[in-house]
Amino acid sequence: MARAAYAGSEDQHLSPLLSLGIDVWYIVLDILREEPDPDEDEYEEEDEDPDSAWRPKNVSRTRPYLADFISLSTTCKLLRELLAPSIFANLELYNTLKSARSIAAISEGRHAACVKTLRYVGICETNQQNSPLEDVYPPEINKVLSNLHLFSSLDKLVIEFPFDYEDNLLFEYLQDDIFVPEDAPQEERENTWRGLMAASFRAIVSNYTHSSSSQRLPLSVEIRDLNIFMVSVFTDEVFRTFLSQLKTFHLSLRRWDNGVGWVMITQRIFRDFSHYLGPFFFHHLAAVEDFSFDPQETAPLGNGGQPYCEDIGLRHTTLPKLRNITLNNVILCEELRDFLIRHSATLESITFWDCFASDEPREYGEPVDWGELFTTLTRECFPRLTDFEVAWKQSELQMLELDREWNDPEQVQQVRDKLDREPDSKAFPYCEVDCKYGVRYSDYTATQIAFLKGANYQGFRDLMAMVEGNRTQDKLVCKD
């Protein structure tokens with residue numbers, strides 16, 4: 001019976017692994033060669049801490065099912081063909097010779113068309129700052145990044161450059177007073193990590209400047225945890241050409257605090273850098289339909305009059321084909337409101353995650369109340385808007401913070417009574433930003449007062465009525 005299961009190939013019966021293509025073999029060897037991390041147990045809990053997020057996780061941790069899939073794929077040709085799309089759908093490329101050869105082998109093998117997402121992680125250890133660039137960016141990496149068209153079904157590219165910001169060199173940089181884009185080329189020659197970022201981006205964007213109509217390139221790009229350091233290619237026309245072709249663009253900034261309270265938004269050099277988000281990135285997304293931006297909780301952007309208020313980067317940005325937008329960790333402000341209004345004719349979906357209104361007096365900034373935002377969107381009549389969502393990590397009761405000892409007892413009772421009387425009513429959070437440390441706190445008093453007034457919830461209901469009307473209209477059009 002065993003021989004019948006492998007009928008047609010005596011060699012396969014003796015050793016199914018011998019029938020694997022070279023591309024599968026490289027992945028198998030990568031997994032077999034992975035050395036156990038002696039500190040894995042020690043960092044198991046720390047990995048949940050964003051401060052240790054720069055530590056790369058091995059494949060066996062990020063995709064625990066992969067080893068089983070590969071084992072099953074070695075048993076017979078049928079399973080190999082069935083499992084190949086799952087095995088190769090999401091690949092990770094690290095800036096090492098071994099990783100480059102593995103991914104290159106896949107790109108030249110029969111399963112190249114199975115690859116849907118490629119995540120490139122460029123790592124430079126803190127003790128490699130003065131190493132030759134070739135040590136962290138071998139030519140084989142450049143070859144892979146410059147030939148993305150070899151993955152004929154590649155839809156998405158994820159780019160990130162994790163680094164230990166506790167390194168003294170980086171800490172000193174964060175204390176600098178000014179951000180000088182013109183210094184980037186020299187800094188990239190002197191600092192290996194900076195050179196790694198520049199070389200990697202230059203290889204990636206080269207695909208989009210020399211491509212032919214027959215070559216498929218990923219039009220969905222995510223730059224994850226962008227470091228606030230200048231990369232010389234950001235000012236090049238080739239980078240703008242790259243951005244102008246994308247359909248989906250997701251950008252998040254690097255989370256950082258100095259370990260004793262001060263967060264990223266307090267650093268002058270970050271605030272200088274944030275002014276370039278529009279000119280470097282957002283202004284050039286001419287074809288983008290799906291856009292998301294997250295400056296992280298350590299650098300909430302938006303001029304609501306709060307301390308350390310900085311623009312989001314959308315003040316002079318128009319994305320003519322924008323359909324879906326997701327924003328995280330922004331403060332409601334006129335810049336945001338006006339950006340949404342400029343796209344009223346095209347927007348189909350708006351999502352806010354962990355966004356807050358500021359209760360600062362208007363003369364100190366451009367704050368926009370939740371109710372004001374909802375009412376404005378309803379009045380502007382977004383004809384294609386069929387999905388609108390606001391959500392926070394905290395629950396509604398956590399945002400209201402009714403159990404604080406220094407609450408106004410009478411106000412707390414009024415809130416509890418309203419919750420009992422109107423269980424469907426929603427609270428929308430306000431925040432305050434510490435004038436020294438830059439940390440964003442929930443302004444529970446302002447949230448309670450606004451909840452009792454009810455204007456925010458009424459504005460939300462009116463907006464959702466418009467959204468539901470658009471959905472109904474869409475259904476009628478589809479039936480016709």
Side-chain angles (χ1 to χ4, degrees), residues 17-35 56-60 62-63 66-67 69-70 73-74 80-81 83-124 128 131-162 192 195-212 214-222 224 233 242:
L17 281 172
L18 294 178
S19 66
L20 287 175
I22 189 171
D23 45 11
V24 179
W25 256 109
Y26 271 113
I27 284 188
V28 172
L29 291 175
D30 268 358
I31 292 176
L32 293 177
R33 289 171 179 167
E34 277 183 349
E35 297 180 4
K57 298 177 177 61
N58 60 37
V59 174
S60 61
T62 57
R63 299 174 65 193
L66 185 60
F69 276 14
I70 292 176
S73 74
T74 67
R80 189 155 59 251
E81 297 304 317
L83 292 172
S86 297
I87 292 173
F88 294 100
N90 301 290
L91 296 184
E92 294 189 358
L93 169 65
Y94 288 82
N95 56 315
T96 65
L97 183 60
K98 183 179 75 170
S99 183
R101 287 175 174 172
S102 298
I103 302 303
I106 294 171
S107 72
E108 298 165 1
R110 66 183 184 278
H111 296 303
C114 296
V115 180
K116 302 294 184 182
T117 300
L118 178 64
R119 176 183 175 224
Y120 172 60
V121 184
I123 299 171
C124 182
Q128 294 179 305
S131 301
L133 180 60
E134 292 76 15
D135 287 0
V136 298
Y137 190 74
E140 288 81 359
I141 290 291
N142 193 78
K143 182 179 179 181
V144 173
L145 291 178
S146 301
N147 290 279
L148 298 178
H149 65 275
L150 295 178
F151 300 105
S152 58
S153 300
L154 187 62
D155 293 322
K156 182 175 182 179
L157 176 66
V158 179
I159 307 165
E160 56 185 301
F161 297 94
T192 306
L196 167 65
M197 287 190 285
S200 301
F201 271 115
R202 193 160 284 110
I204 290 169
V205 302
S206 70
N207 293 276
Y208 297 81
T209 54
H210 304 112
S211 62
S212 66
S214 61
Q215 294 177 343
R216 174 170 175 170
L217 293 169
L219 298 182
S220 175
V221 169
E222 176 182 358
R224 187 177 295 173
V233 73
F242 155 70

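- A donor-acceptor distance shorter than 3.5 angstrom exists from the side chain of Asn207 to the backbone of Ala203, with no hydrogens or angles considered.
- Ser99 places no side-chain N or O within donor-acceptor distance of the main-chain N or O of Thr96, the cut-off being under 3.5 Å.
- Ile103 is not listed as a side-chain neighbour of Tyr120, based on a closest heavy-atom distance of 4.5 Å or more.
- When all heavy atoms of Thr117 and Asn90 are compared, the closest pair comes out as CB-OD1, 3.3 Å.
- For the side-chain contact (heavy atoms from CB on, under 4.5 Å) with Asn142, the lone residue among Pro139, Ser146, Pro138 that qualifies is Ser146.
- Looking at heavy atoms from C-beta onward, Asp135 lies out of side-chain contact with Thr192 at the 4.5 angstrom threshold.
- By the 30° and 60° cut-offs, the orientation of the rings of Phe201 relative to Phe161 is tilted.
- Glu222 is not listed as a side-chain neighbour of Arg119, based on a closest heavy-atom distance of 4.5 Å or more.
- Of the possible polar contacts, none joining the Asp155 side chain to the Pro218 backbone as a donor-acceptor pair under 3.5 Å is found.
- Using modelled atom types, no side-chain atom of Ser220 and backbone atom of Lys156 make a donor-acceptor pair closer than 3.5 Å.
- Shown here for His149 and Leu217, the closest heavy-atom pair between the two residues is N-CD2, 3.9 Å.
- At least one side-chain heavy atom of Leu118 sits under 4.5 Å from a side-chain heavy atom of Leu93.
- Summarising the geometry of Leu196 relative to Gly122, their closest heavy-atom pair is CD2-C, 3.7 Å, with the distance given to 0.1 Å.
- In Lys143, the NZ atom is not crowded: 12 or fewer heavy atoms of neighbouring residues, nucleotides or ligands sit closer than 6.0 Å.
- A side-chain contact (heavy atoms from CB on, under 4.5 Å) with Asn147 holds for exactly one of Leu150, Val144, Leu145; it is Leu150.
- When every heavy atom of Ala113 is checked against every heavy atom of Ser152, the shortest pair comes out as CB-OG, 3.5 Å.
- If you take CG on Asn95 and CE on Met197, they are separated by 12.0 Å, rounding to the nearest 0.5 Å.
- Counting heavy atoms from C-beta outward, Thr209 and Phe242 have side chains that stay 4.5 Å or more apart.
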Chi angles and distances behind the side chain to side chain contact (heavy atoms under 4.5 Å, CB included) call for Val221, Ile159:
CA-CA 8 Å; Val221 169; Ile159 307 165; 4.2 Å; yes
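- The distance from atom CD1 of Ile141 to atom CD of Glu134, rounded to the nearest 0.5 Å, is 13.0 Å.
- If you take CG on Leu154 and SG on Cys114, they are separated by 12.5 Å, rounding to the nearest 0.5 Å.
- Rounding to the nearest 0.5 Å gives a distance of 9.5 Å between CG of Leu148 and OG of Ser107.
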